Every structure is written in structure tokens, then in C-alpha cells.
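On a predicted model such as this, the values are computed, not experimentally measured, just so you know. Every chain is numbered from 1 and lettered A, B, ... according to where its sequence line falls, protein lines coming before strand lines. Basis for what follows: all heavy atoms, side chains included, without hydrogens, waters or symmetry-related copies.
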Number of protein chains: 2
Amino acid sequence: MINQQDHILIVDDDRDIRNLLADYLEKQGLRCTTAADGREMKSALERHRIDLIVLDVMMPGDDGLTLCRNLRAGGGTQANTPVLMLTARGEDMDRILGLEMGADDYLPKPFVPRELYARIRAILRRTRALPPNMEAPAHAHSTELHFGTWRLDTIARHLIDTDGVVVPLSGAEYRLLSVFVAHPQSVLSRDQLMELTQGREADVFDRSIDLLVSRLRQRLRDSAREPALIKTVRNEGYVLAATVTAANGDKP
Amino acid sequence: MINQQDHILIVDDDRDIRNLLADYLEKQGLRCTTAADGREMKSALERHRIDLIVLDVMMPGDDGLTLCRNLRAGGGTQANTPVLMLTARGEDMDRILGLEMGADDYLPKPFVPRELYARIRAILRRTRALPPNMEAPAHAHSTELHFGTWRLDTIARHLIDTDGVVVPLSGAEYRLLSVFVAHPQSVLSRDQLMELTQGREADVFDRSIDLLVSRLRQRLRDSAREPALIKTVRNEGYVLAATVTAANGDKP
DNA sequence: TGCCCACGGATACGCAGCGATACAAAACCC
DNA sequence: GGGTTTTGTATCGCTGCGTATCCGTGGGCA
């Protein structure tokens with residue numbers, strides 16, 4: 001498969017700065033997405049697998065500090081994404097890096113893009129190293145997700161039906177299903193699914209997602225004709241038409 | 001969590017290093033105490049409420065690993081204090097981070113103080129974030145780790161099944177399994193596994209990890225076709241699909 | 001209503017990634 | 001130093017997943 005690029009999300013209200021930084025970083029071989037405010041940032045985080053966020057402190061509406069704190073506190077799947085904060089000189093650096101905010105580094109303006117790139121690489125190198133086993137015992141979130149008549153065991157990475165029969169999943173199938181259960185009842189385009197499962201973009205006439213959905217439906221014993229779980233939305237994508245409830249898989 | 005300064009204990013036999021680090025960290029707003037050996041460390045722990053210990057591995061007398069293990073096993077009030085281990089590159093990183101030793105992170109020398117500060121912040125943030133009452137189990141020093149139907153005896157370095165039958169492991173097999181057990185449910189790439197088990201980089205078409213996994217699966221009586229424990233994630237690596245719990249191996 | 005046609009389902013097939021076995025080199029052990 | 005155990009290399013075969021292709025179908029439009 002391809003050399004998976006790191007994906008940077010740049011959040012800044014100034015359009016020129018956003019584009020300038022994105023252009024520079026892309027020249028250095030990074031992949032970039034931009035967002036103008038907290039709302040766009042949130043939506044970008046839902047649509048892409050982001051490796052690092054560059055966040056401006058000074059912004060109208062929610063400022064960078066607030067956004068960073070919310071990100072960390074939110075507990076979403078991307079709550080631990082590294083953050084590099086862009087600050088004006090003289091701001092309270094300690095607080096930014098401090099425990100409350102939880103940024104991974106900061107860069108005072110003005111700066112040269114080269115410096116930004118260097119810091120991004122440094123942070124990525126650090127975080128790339130294995131996360132030390134912070135969460136040894138039972139995970140905060142649950143290990144079994146119920147939807148329809150199925151349970152998805154997120155530890156064993158397989159399905160269990162009502163009779164307790166285990167249905168194994170391949171790696172790609174598990175990733176795809178994970179994405180669906182993370183976004184139930186919302187239509188996911190092929191681009192989004194591609195992005196969220198593989199972190200890469202789809203070629204123009206890529207049908208691999210269709211095929212994967214087809215294989216997943218077989219696993220779920222869901223027919224394409226009358227799908228109970230994964231419904232096709234013509235010209236748009238697919239939807240998981242079921243409610244997902246979290247339950248911990250503790251056995252008595 | 002507010003203005004109360006975090007208090008770091010630096011344990012290193014080299015006086016210059018101790019002072020250098022303490023000065024730097026104090027400039028960053030942390031409070032520091034230093035200790036030259038295990039005895040001083042113990043006494044500092046009795047006299048102060050320490051938030052994090054920076055511990056050098058290489059020391060005359062008791063080395064850092066021993067001190068860390070004793071700290072965890074001792075069961076004192078500070079038995080769960082986070083530990084950041086300073087190591088020479090190529091040391092047995094998986095054991096350091098592993099559940100047996102119970103360090104929270106390590107930093108290979110040489111490093112820049114800034115890096116140390118960043119990691120300290122990261123650890124404090126993580127441990128702060130944990131609910132206050134879930135004490136101990138995370139890092140309780142234990143000689144036996146349970147996962148699936150197996151127990152891993154980390155002293156004898158072998159496996160025990162439900163019937164008490166002992167399955168021996170070779171050195172490489174044990175190291176690999178330790179890494180998996182220290183990072184359950186996360187997909188580990190071949191590069192990471194190579195790094196953590198051997199401390200060296202993989203050649204382009206190195207298949208030694210595959211082979212080792214295969215041998216380990218045999219030991220665990222886990223088939224590659226329908227793996228219950230070590231699952232293959234195509235193009236990515238392997239994942240231990242089980243929860244790991246630390247238990248002390250005391251038998252009634 | 002009937003035709004068109006684009007979209008998506010299904011099947012076939014190829015390839016690269018992985019599993020397994022055999023064998024060689026290296027390390028270890030009396 | 002010879003035998004044993006462990007670990008890496010070479011090779012072959014299988015399979016998961018992607019591409020190619022064909023077919024069913026459903027909606028738009030006259």
C-alpha cells in the first residue's frame with residue numbers, strides 16, 4: 001500500500017495564513033486540511049483521521065485554548081491528537097502547555113514556516129513512539145457495542161450473534177464496521193469511508209468500498225436487496241440503519 | 001490541580017545531571033527535589049508528596065529498574081507515583097514500560113531538557129485525567145499477567161494454561177509476548193515490534209517478526225486462520241485481541 | 001408505459017502480504 | 001568441540017483485498 005502521509009489539520013480564522021501554511025506543509029510532503037473555526041475543526045476531525053492539529057490561539061468565537069481543552073475533555077476518538085498551538089508573543093505559555101490545556105508544543109508568532117515544520121516533525125516523532133500503557137485495566141469505554149441483533153466485540157475484533165455464535169472479521173471489515181458504528185444513522189460517502197478506514201483518498205472510479213460493504217453485509221447476513229443494517233443511499237453512500245448502544249462485555 | 005506546583009523527584013547518581021535537570025524544570029515552574037540513590041529516593045518520598053519520579057536506569061547499587069519495581073511492589077502510599085525512566089538507547093524498553101516494571105514512559109539519552117519537560121507534562125496530564133478512585137491495579141507490580149486463558153509468569157518467563165501446564169518460551173518469544181501484553185488491543189507494526197523486541201530497525205523485507213509471531217502463536221495454541229489472541233491486521237501489523245489483567249501469582 | 005443509462009451488486013481473477021515448512025547460521029550448554 | 005536449542009533466510013502456497021467485468025435495477029424522461 002501507499003506511503004501513508006501524515007495528515008495535519010490547520011485551524012486559523014485567517015484564510016491567507018491557513019493557505020500559506022497548508023501550501024508550505026504540503027510541499028514538505030504532509031497532507032493538510034484547513035478549518036476556519038471550531039465548527040469546521042470538529043467536522044474535519046469526524047471526516048478524517050488527523051495526526052496533528054495546528055491551532056491558532058486568537059480566534060473569534062471559541063479561541064484555540066477553549067477548543068484544545070474541549071478536544072481533550074471531549075473524550076472522542078481523537079481526544080489525544082497532538083496539538084501545536086500558535087500564540088502571540090507574551091501569552092501565558094505555561095498555561096498553554098500546562099495540564100489544563102494540554103497542548104503538546106507552542107510556537108510564538110511571528111514564525112517562519114520552516115520552524116513550524118520542524119516542530120511538527122518533532123511532535124510526530126514523539127507521539128509516534130508507542131503510547132506507554134496508560135490504560136492498563138478495563139478501558140474507560142465499553143468493549144461491546146450492540147446494534148441490531150449483533151454485538152461487536154471491540155477487543156476480540158469479531159461479531160457475536162444472538163445465539164453467541166462468533167463471526168470473525170478480516171482487518172478491513174473490522175475497520176469499516178468500526179466506522180459505521182461510530183457514525184450510526186448518518187450517511188457516509190465512499191470518500192469518507194475511504195478516508196476513515198484507510199486514511200487515503202479514493203481514485204476516481206474506486207469500487208473497493210462497495211466490495212467491502214458487500215463482504216461486510218455477508219458477514220452480517222444482511223442482504224443488499226432488503227438491507228436491515230447497512231442501507232445503500234444511491235449517489236451518496238451507505239448508512240448504518242441501527243442504533244448502537246454501548247455495553248461492557250463483562251462476563252458474570 | 002490549579003496553582004499547586006507539581007513536585008518532581010529526580011533520581012540520578014550524577015550530581016551535575018541532577019542539578020541541570022532540576023534547574024531547568026524549576027524554570028518551567030515545577031518544584032524539584034533530587035536524590036542520588038535508592039536510599040535518598042526513599043527518604044524523599046517519605047518527606048514529600050511527590051507527583052512524578054524521574055529515574056535513571058544506570059546507577060551504582062540498586063539500578064532504576066530495581067527501584068521502580070520495589071516502589072510498585074512496596075505498596076506504600078506512593079506506590080502508584082508515575083515514573084519516567086531515563087535509559088540508554090537499546091535497553092530493554094518493553095520491559096521498562098511493561099506491566100512488570102511499571103514505568104509510565106521512558107526517555108532515551110541523550111535528550112534535551114525540553115523533551116523531558118514535555119514528557120513529564122504528558123504523563124501528569126494522563127494520570128490526572130484518571131478517575132481518582134481507580135488506584136493501584138494499573139501498575140501494581142505483579143509476577144503473573146492474565147490474558148485469554150493464559151497466565152504469563154514474568155519471573156520464570158513462561159506461560160501457564162488453565163490446567164497449570166507450563167509452556168516454556170524462548171527469549172525472543174517472551175520479549176515479543178511482553179510487548180503485546182504491555183500494549184493490548186493496539187495494532188503494533190512490524191517496525192514497532194522490531195524496535196521494542198530487538199532495539200534495531202527492520203530491513204526492507206524482513207520477515208523475522210512474522211516468523212516469531214507464528215512461533216508464538218504455536219506456543220499459545222492460537223491458529224493463524226482463526227486467531228483468538230494475536231490477530232493479523234493486513235498491511236499494518238499484529239494486535240493482541242485480549243484484555244490483560246495483572247494479578248499476583250500467589251497461590252492459596 | 002417503455003426505453004435508457006448510471007449506479008451499485010455480484011462474480012471472476014490477479015497480486016501482494018502473510019503463514020508454514022525446511023533449512024542454515026548462530027548461540028548456548030555441558 | 002560436538003550436540004542441542006534458538007533465530008534468521010529461502011521458498012512455496014494460500015488468502016484477503018483490490019481491479020475488472022458483467023448484470024440487475026430503479027428512476028428520469030418523453
Side-chain angles (χ1 to χ4, degrees), chain A residues 1-4 157-158 167-179 187-195 197-239 241, chain B residues 157-159 167-179 187-191 193-194 196-239 241:
Chain A
M1 190 155 305
I2 339 280
N3 196 14
Q4 189 156 313
R157 304 163 68 99
H158 60 211
V167 174
L169 295 173
S170 78
E173 287 160 2
Y174 176 75
R175 272 198 307 262
L176 180 66
L177 185 51
S178 298
V179 171
V187 180
L188 302 170
S189 71
R190 287 174 180 70
D191 280 349
Q192 283 177 296
L193 291 171
M194 202 66 174
E195 171 69 30
T197 53
Q198 337 254 67
R200 72 182 169 105
E201 311 223 20
D203 314 344
V204 258
F205 286 127
D206 200 323
R207 301 282 309 278
S208 62
I209 287 292
D210 302 50
L211 191 55
L212 210 51
V213 167
S214 161
R215 282 170 179 151
L216 186 55
R217 283 210 263 233
Q218 269 173 242
R219 299 283 197 194
L220 294 165
R221 299 171 209 147
D222 199 21
S223 84
R225 288 301 199 91
E226 297 184 7
L229 292 169
I230 301 179
K231 306 213 172 181
T232 307
V233 181
R234 211 179 158 88
N235 289 318
E236 301 202 31
Y238 297 94
V239 190
Chain B
R157 300 165 71 98
H158 62 211
L159 285 162
V167 174
L169 294 174
S170 78
E173 286 161 3
Y174 176 77
R175 279 198 306 271
L176 181 66
L177 184 52
S178 295
V179 172
V187 179
L188 304 172
S189 71
R190 288 176 179 68
D191 281 348
L193 292 171
M194 203 67 174
L196 291 167
T197 53
Q198 336 259 51
R200 71 184 170 96
E201 311 236 355
D203 317 346
V204 258
F205 286 127
D206 200 323
R207 301 277 314 274
S208 61
I209 287 291
D210 302 49
L211 190 59
L212 207 52
V213 167
S214 163
R215 281 169 178 151
L216 186 55
R217 282 210 262 234
Q218 270 175 239
R219 300 284 196 195
L220 294 165
R221 297 171 211 148
D222 200 21
S223 85
R225 287 300 198 92
E226 296 186 5
L229 292 170
I230 301 180
K231 305 217 170 182
T232 307
V233 183
R234 206 180 163 91
N235 287 315
E236 299 196 34
Y238 298 94
V239 53

J.: If you define the side chain from C-beta out and look only at heavy atoms, does anything of B/Leu177 sit under 4.5 Å from B/Leu159?
T.: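 Side chain of B/Leu177 against side chain of B/Leu159, heavy atoms only: contact under 4.5 Å found.
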J.: Between C1' on C/dG19 and CD1 on B/Ile230, what's the gap in Å once rounded to a whole number?
T.: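 The distance from CD1 of B/Ile230 to C1' of C/dG19 comes to 14 Å, rounded to the nearest Å.
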J.: Could you list, one pair per line, each protein nitrogen or oxygen that sits under 3.5 Å from a nitrogen or oxygen of nucleotides 5-7 of chain D, together with the distance?
T.:
from	atom 1	to	atom 2	distance (Å)
D/dT7	OP1	B/Ala172	N	3.0
D/dT7	OP2	B/Ser170	OG	2.4

J.: Taking all atoms of both residues into account, what is the closest heavy-atom pair of A/Met194 and A/Ser208, and its distance?
T.: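 Taking A/Met194 first and A/Ser208 second, the nearest heavy atoms are CE-OG, 3.7 Å.
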J.: Rounded to the nearest Å, what distance is computed from the CG atom of residue B/Asp210 to the P atom of nucleotide C/dA20?
T.: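 These atoms are roughly 11 Å apart.
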J.: Between A/Asp206 (CG) and C/dC7 (P), how many Å, whole number?
T.: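 From A/Asp206 CG to C/dC7 P: 15 Å.
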J.: What integer distance in Å separates A/Asp222:CG from C/dG8:P?
T.: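 Rounding to the nearest Å, CG of A/Asp222 and P of C/dG8 are 17 Å apart.
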J.: If each of A/Tyr238 and B/Gly237 is mapped to the nucleotide of DNA chain C with the nearest heavy atom, which maps nearer the 5' terminus, i.e. the 5' end?
T.: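 Upstream on the strand: A/Tyr238.
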J.: Whole angstroms only, please: what is the NZ-C1' distance between B/Lys231 and C/dC18?
T.: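 Answer to the nearest Å: 16 Å.
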J.: Check side chain to side chain donor-acceptor pair (under 3.5 Å) between B/Thr232 and all other residues, then give those that pass, not counting sequence neighbours.
T.: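 Expected list: B/Arg217.
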J.: Once you round to the nearest 0.5 Å, how far does CG of B/Leu220 lie from CD of B/Gln218?
T.: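 Atom-to-atom, B/Leu220:CG and B/Gln218:CD are 10.5 Å apart.
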J.: Note down the inter-axis angle between the two ends of the helix from C/dT1-D/dA30 to C/dC30-D/dG1, five pairs each, to the nearest 10°.
T.: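 One end's axis against the other's: 30°.
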J.: State, to 0.1 Å, how close A/Asp222 and A/Ile230 come at their nearest heavy-atom pair, and which atoms those are.
T.: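 Closest heavy-atom pair between A/Asp222 and A/Ile230: OD2-N, 3.0 Å.
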J.: Nearest whole Å is fine: how far is C/dA22 C1' from B/Gln218 CD?
T.: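 Value for this atom pair: 13 Å.
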J.: For nucleotides 20-25 of chain D, print each protein N/O atom paired with a nucleotide N/O atom at under 3.5 Å, atom names and distance only.
T.:
from	atom 1	to	atom 2	distance (Å)
D/dT25	OP1	A/Arg225	NH2	2.0

J.: Only counting residues at least two apart or in another chain, list the ones meeting side chain to side chain donor-acceptor pair (under 3.5 Å) with A/Ser178.
T.: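 Per chain and number, A/Ser178 pairs via side chain to side chain donor-acceptor pair (under 3.5 Å) with no residue.
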J.: Which nucleotide in the set C/dG19, C/dG17, C/dA10 lies at the smallest distance from any side-chain heavy atom of A/Ser214?
T.: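 Nucleotide nearest to A/Ser214's side chain: C/dA10.
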J.: In whole Å, I'd like the distance from the OH atom of A/Tyr174 to the P atom of D/dC17.
T.: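 Roughly 14 Å, once rounded to whole Å.
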J.: Grab the CZ-C1' distance between A/Arg190 and C/dG8 for me, whole Å please.
T.: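 From A/Arg190 CZ to C/dG8 C1': 7 Å.
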J.: Testing the 3.5 Å rule here: is there a donor-acceptor pair between the side chains of A/Asp191 and A/Ser189?
T.: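 There is no such pair (donor and acceptor under 3.5 Å, judged by atom type) between the side chains of A/Asp191 and A/Ser189.
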J.: Quick one: list whatever passes side chain to side chain contact (heavy atoms under 4.5 Å, CB included) with A/Arg215, sequence neighbours left out.
T.: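 Listed in chain order: A/Glu173, A/Leu211.
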J.: In chain order, what residues pass the side chain to side chain contact (heavy atoms under 4.5 Å, CB included) check against A/Ala172, with sequence neighbours excluded?
T.: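 So A/Ala172 forms a side chain to side chain contact (heavy atoms under 4.5 Å, CB included) with A/Ser170, A/Arg175, A/Leu212.
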J.: How would you list, by chain and number, every residue that makes a side chain to side chain contact (heavy atoms under 4.5 Å, CB included) with A/Arg221, sequence neighbours excluded?
T.: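 Checked A/Arg221 against side chain to side chain contact (heavy atoms under 4.5 Å, CB included); matches are A/Trp150, A/Asp161, A/Val167.
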J.: So, do B/Val187 and A/Arg157 sit near enough that their side-chain heavy atoms are less than 4.5 Å apart?
T.: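 Yes, at least one pair of side-chain atoms sits under 4.5 Å.
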J.: Just by protein heavy atoms under 4.0 Å, how would nucleotides 24-30 of chain C read 5' to 3' in B, S and -?
T.: -------
J.: Residues in side chain to side chain contact (heavy atoms under 4.5 Å, CB included) with A/Arg190, at least two apart?
T.: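 If we apply the side chain to side chain contact (heavy atoms under 4.5 Å, CB included) test to A/Arg190, skipping adjacent residues, the hits are A/Ile209, A/Asp210, A/Tyr238.
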